[in-house]
Amino acid sequence: MQEEAVHGEKMRIVSEMAASVAHEIRNPLTAVRGFIQLMGVPHLAPSKLKFYQEISLEELDRAQVIISDYLAIAKPEPEKDELIPLKDEVQYVSQVLLTIANYNDVKIEVTLQDEQMFIHGDRNKLRQSLINIGKNAIEAMSKSGGVLEIGLKEQSHKILITMRDNGVGMTKEQISRLGTPYFSTKEKGTGLGTMVSFSLIRAMKGKITITSEVGKGTEFEISFSADPRGLL
Ligand code: ADP
Ligand code: MG
């Protein structure tokens with residue numbers, strides 16, 4: 001009975017996400033279609049042509065961002081249930097984030113406890129969740145030459161992954177809207193990244209705690225109970 005409930009909840013999340021991806025991708029595609037049609041108008045001024053081309057490329061890029069924010073869910077691979085070595089995973093995610101950080105003039109400081117730690121779940125989904133949260137942290141600092149601190153440690157049978165930024169921060173109202181679809185304060189935001197991250201982390205029985213102060217920065221703490229099988 002309980003398994004059925006979990007399955008039902010998963011199906012609900014997946015179908016909600018599929019519906020919103022379809023909706024979000026349709027807009028840029030419709031726009032691009034329109035512009036390609038306009039490009040076919042006879043005797044079009046070269047400046048107009050260039051303009052239509054630029055907007056089309058921007059819209060296609062936007063569609064790509066939407067897809068990559070959703071990647072973990074959109075991937076048609078069966079759900080995996082593996083033992084995830086967290087130290088390796090957090091190191092990998094830090095490398096991926098470093099390329100985005102360099103581009104935004106942000107530094108990354110990684111502090112990992114020496115021992116390997118394990119949780120139980122889907123490695124790709126964990127990656128996607130952490131990358132979405134880290135990307136937001138970097139984007140929150142992009143104008144201030146900030147520092148993203150990434151941490152991993154085990155503390156009284158809990159494993160804690162932290163991502164702390166010294167960026168714009170959030171109000172209580174903004175924090176409460178995190179994880180709901182389409183909440184974004186960014187001009188080109190999708191408002192999908194945290195929704196995907198939160199549902200994936202919850203599916204892996206992780207807990208998310210957010211501490212934030214406007215003008216000071218934000219900390220995301222993701223906690224899991226340590227998988228005893230990792231100790232064998
Ligand atoms: P997007 O990044 O496309 O806006 P997300 O779902 O990833 O969508 O994030 C939603 C919103 O949450 C962001 O627009 C931003 O306002 C807020 N947010 C998330 N993480 C942070 C952070 N680390 N610092 C400040 N604001 C954040
Ligand atoms: Mg985002």
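Counting starts at 1 for both ligands and their atoms, in listed order.
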Practice prompt. Return yes if some donor-acceptor pair links the side-chain N/O of N166 with the main-chain N/O of V147 below 3.5 Å, else return no.
Written response: yes
Item to complete: Quick one: list whatever passes ring pair (Phe, Tyr, Trp, His ring centres under 6.0 Å) with F198, sequence neighbours left out.
Response: none
Worksheet entry | K158 side chain reached by S225 side chain, heavy atoms, under 4.5 Å | yes
Worksheet entry | Flag, side chain of E82 to backbone of R123, donor-acceptor distance under 3.5 Å | yes
Worksheet item: Going by heavy atoms in the side chains, are L178 and M170 under 4.5 Å from each other?
Response: yes
Item to complete: Return yes when atom CD of Q91 has more than 12 non-hydrogen atoms of other residues, nucleotides or ligands closer than 6.0 Å, and no otherwise.
Response: yes
Discussion item. Once salt bridge (charged side-chain N to carboxylate O under 4.0 Å, His left out) is applied, do any residues pair with E115, and if so which ones, sequence neighbours excluded?
Written reply: none
Worksheet entry | Donor-acceptor pair, side chain of T209 and main chain of I222, under 3.5 angstrom | no
Worksheet item: Taking the minimum heavy-atom distance to atom 4 (O) of ligand 1, which of S212, S184, G189 ranks first?
Response: S184
Worksheet entry | Numbered atoms of ligand 1 (with element) below 4.0 Å of L178, judged on heavy atoms | 12 (O), 17 (C), 19 (C)
Worksheet item: Partners of T30 by side-chain contact (heavy atoms from CB on, under 4.5 Å), sequence neighbours excluded?
Response: R26
Fill in: For A137, atoms of ligand 1 separated by under 4.0 Å from a heavy atom
23 (N)
Worksheet entry | Option set E187, M141, M195, M170, criterion heavy-atom distance to atom 27 (C) of ligand 1, minimum | M170
Worksheet item: Applying a 4.0 Å heavy-atom criterion (strictly less than), which segment of A140 is in contact with ligand 1: side chain, backbone, both, or neither?
Response: side chain
Worksheet item: Numbering the atoms of ligand 1 from 1, which are under 4.0 Å from a heavy atom of F183?
Response: 10 (C), 11 (C), 12 (O)
Worksheet entry | Identity and distance of the protein heavy atom lying nearest atom 3 (O) of ligand 1 | T190 N, 2.7 Å
Discussion item. With nothing but distance in play, are any N or O atoms of G193 less than 3.5 Å from an N or O of ligand 1?
Written reply: yes
Item to complete: Establish, from distance only, whether the side-chain atoms of D88 and Q116 form a donor-acceptor pair under 3.5 Å.
Response: yes
Discussion item. Can you confirm whether K172 is buried at NZ, in the sense that more than 12 heavy atoms of other residues, nucleotides or ligands lie under 6.0 Å from that atom?
Written reply: no
Discussion item. Can you tell me which portion of T194 lies within the under-4.0 Å heavy-atom range of ligand 1? Options are side chain, backbone, both, or neither.
Written reply: both
Worksheet entry | Nearest-neighbour protein heavy atom for atom 23 (N) of ligand 1, which is reported as residue plus atom name and distance | D165 OD2, 2.9 Å
Worksheet item: Between I133 and ligand 1, which residue portion shows a heavy-atom distance shorter than 4.0 Å: side chain, backbone, both, or neither?
Response: neither
Worksheet item: Is L192 in contact with ligand 1, taking contact as a heavy-atom separation below 4.0 Å?
Response: yes
Fill in: Protein heavy atom at shortest distance from atom 2 (O) of ligand 1
K186 NZ, 2.7 Å
Worksheet item: What's the shortest heavy-atom distance between K87 and D114, and which atoms?
Response: NZ-O, 2.7 Å
Worksheet, complete the sentence: Of all protein heavy atoms, the one nearest atom 9 (O) of ligand 1 is N136 ND2, 3.6 Å
Worksheet item: Does the distance from a Lys or Arg side-chain N to an Asp or Glu carboxylate O, for E58 and R62, drop under 4.0 Å?
Response: no
Discussion item. Please list the nearest protein heavy atom to atom 16 (O) of ligand 1 with its residue and the distance rounded to 0.1 Å.
Written reply: T185 OG1, 2.5 Å
Practice prompt. Measure the distances from the heavy atoms of G191 to every atom of ligand 1 and state whether one is below 4.0 angstrom.
Written response: yes
Worksheet entry | Residue and atom names of protein N/O/S atoms that fall under 2.8 Å from the Mg ion (ligand 2) | N136 OD1
Worksheet item: Is there a side-chain contact between Q174 and F183, using heavy atoms and a 4.5 Å cut-off?
Response: yes
